[in-house]
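Notes follow the structure.
Below, read A as the first sequence line, B as the second, and so on, with proteins coming before strands; counting in each chain starts at 1. Remember, predicted model here, so these are calculated numbers, not experimental data.
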2 protein chains.
Amino acid sequence: MEMGKKTARTTTTEALLGLLSICPMSGYEVRQMVETSIGNFWSESYGQIYPALKRMVADGLAEMKETRTEGRPAKKVYSLTERGQERLGEWLGIPAERQVYRNELLLKLFFGSRAEMPFLRSQIEVRRNALAVDLARYHEIEKRVLGFDEQPGKKFWLMTVRYGIAEAKALMVWCDDCLKEMQ
Amino acid sequence: MEMGKKTARTTTTEALLGLLSICPMSGYEVRQMVETSIGNFWSESYGQIYPALKRMVADGLAEMKETRTEGRPAKKVYSLTERGQERLGEWLGIPAERQVYRNELLLKLFFGSRAEMPFLRSQIEVRRNALAVDLARYHEIEKRVLGFDEQPGKKFWLMTVRYGIAEAKALMVWCDDCLKEMQ
DNA sequence: GGGTGCATGTAATGGGTTACATGATTCT
DNA sequence: AGAATCATGTAACCCATTACATGCACCC
């Protein structure tokens, strides 16, 4: 019953390995990075980040150096150790698992016959609008990334952005189809 | 900092309200329903279902009746009360929130410059294949649902299936684009 | 007697967000 | 003096999965 998965699950630690591989950072900067660069498909809160960084140092995956900049509070900058880089490499080699994302909109839609049609339509309209906003933002990001100098990460960042674009476009079409159905 | 969301979050209870509105069921049957009908966009485990059903009875949202069928273990069948139906209606009226899904594949891809290209390609190939399998299954489901008699839920079930189809198709194209990029 | 499917549940564990708590520095 | 931003952390809580525990009924 309800079977065994030996959980080699991806977690905060792996995300931090990746981020620190781009450049050494403090916990606060990690949080900002998450929001500005991988925020479209990943999230981390302080409550996860700070303890994880500590653990990584304890496990020999990262090193900490306290630094002071003129006119700023002191900060603790973390960088990967040799072992941390190895660990990152290992993790990148394991195929990503697909968990079932819980999709609240689809759940509500599935029970649509119990709802009032106008409410339901508005559900879809709200989503369509949100997707349009996303799409515009993704195009912005794409343009910005295209402007970067040639660097190793560039092509991969573009791929992640284009995932967002492909998904948003497809789902907008789906929304339109649904709205037609609901007349 | 890290702001207040007054959490009217969707949870097991709401999903159960919906499922029980389709027909009265036992916890065991709920689990089966989840796997066979909404499993593509929702998940629930026994560890959630049984306690939630109990709570719903305590909150006056559902009623329990123990029934015995010849040659089967006894089971506890739950059905919605008046209040349960109202609660379902209210929930259906609230626009679904979008949480940021954590997408492990994109996370790995974002750090792609630290990985070996063959590993990375295989990540994408694995995903492409999984999507193809999904797509075939969705088409199967679509065909089956189209065969149903006319009933209130039918058009909504089709919408949820077509969401899966739209998404899978778009992401397969994305996979192909990525693979071309990675040569 | 043993495997399988039906059926109900709890406890341990994991992983995450939110709220709380504190403090430096800079700008207005 | 007060607001905003930079900076670090902990504790409470929530929700979910996994593993464990039990038992009936049926068929081989």
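The distance from atom CD of Q48(B) to atom P of dA19(D) is 16 Å, rounded to the nearest whole Å. Put simply, CD on E66(A) is 16 Å from P on dG23(C), counting in whole angstrom units. Straight-line distance from the CD atom of E104(A) to the P atom of dC15(D): 12 Å, rounded to whole Å. In this structure, the OH atom of Y101(A) is 17 Å from the C1' atom of dA16(D), given to the nearest Å. Summarising the geometry, the separation between CE on M33(A) and P on dA7(D) is reported as 15 Å, rounded to the nearest angstrom. Rounded to whole Å, atom C1' of dT22(C) lies 13 Å from atom NZ of K76(A). Atom pair E44(A):CD and dT17(C):P shows a separation of 7 Å (rounding to whole Å applied). For the pair L16(B) CG and dT8(C) P, the interatomic distance rounds to 13 Å; values are reported in whole Å.
Ring geometry, Y28(B) versus Y46(B): the interplanar angle falls under 30°, so the pair is classed parallel (tilted spans 30 to 60°).
Under 4.0 angstrom from either OP1 or OP2 of dC6(D) there lies at least one side-chain N or O belonging to Y28(A). Dashed line: the shortest gap from a side-chain N or O of S26(B) to OP1 or OP2 of dC6(C) is not under 4.0 Å. In terms of phosphate contacts, S45(A) brings no side-chain nitrogen or oxygen within less than 4.0 Å of OP1 or OP2 of dT18(C). The side chain of K75(B) contributes no N or O atom lying less than 4.0 Å from OP1 or OP2 of dC24(D). For R72(B) and dA7(C), the shortest distance from a side-chain N or O to OP1 or OP2 is below 4.0 Å. When the side-chain nitrogen and oxygen atoms of R68(B) are compared with OP1 and OP2 of dA25(D), one or more of them lie within a distance under 4.0 Å. For dT8(C), the OP1/OP2 oxygens have no side-chain nitrogen or oxygen of R31(B) closer than 4.0 Å. The phosphate of dC14(D) (OP1 or OP2) has no side-chain N or O of T11(B) nearer than 4.0 angstrom. Look at T12(B) and you won't find any side-chain N or O under 4.0 angstrom from OP1 or OP2 of dC15(D).
A salt bridge links R102(A) and E44(B); the closest N-O separation between the charged side-chain nitrogens and carboxylate oxygens is under 4.0 Å. Under the 4.0 Å criterion applied to side-chain N and carboxylate O atoms, K143(A) and E140(A) are assigned as salt-bridge partners.
Mapping K54(B) and Q32(B) onto DNA chain C via the closest heavy atom, the residue that lands nearer the 5' end is Q32(B). If you find the closest nucleotide of DNA chain D to Y50(A) and to E70(B), the one lying nearer the 5' end belongs to Y50(A).
The backbone N or O of S45(B) lies less than 3.5 Å from no partner atom in the side chain of Q48(B), so there is not a single donor-acceptor pair.
The shortest distance between side-chain heavy atoms of Y78(A) and L61(A) does not fall below 4.5 Å.
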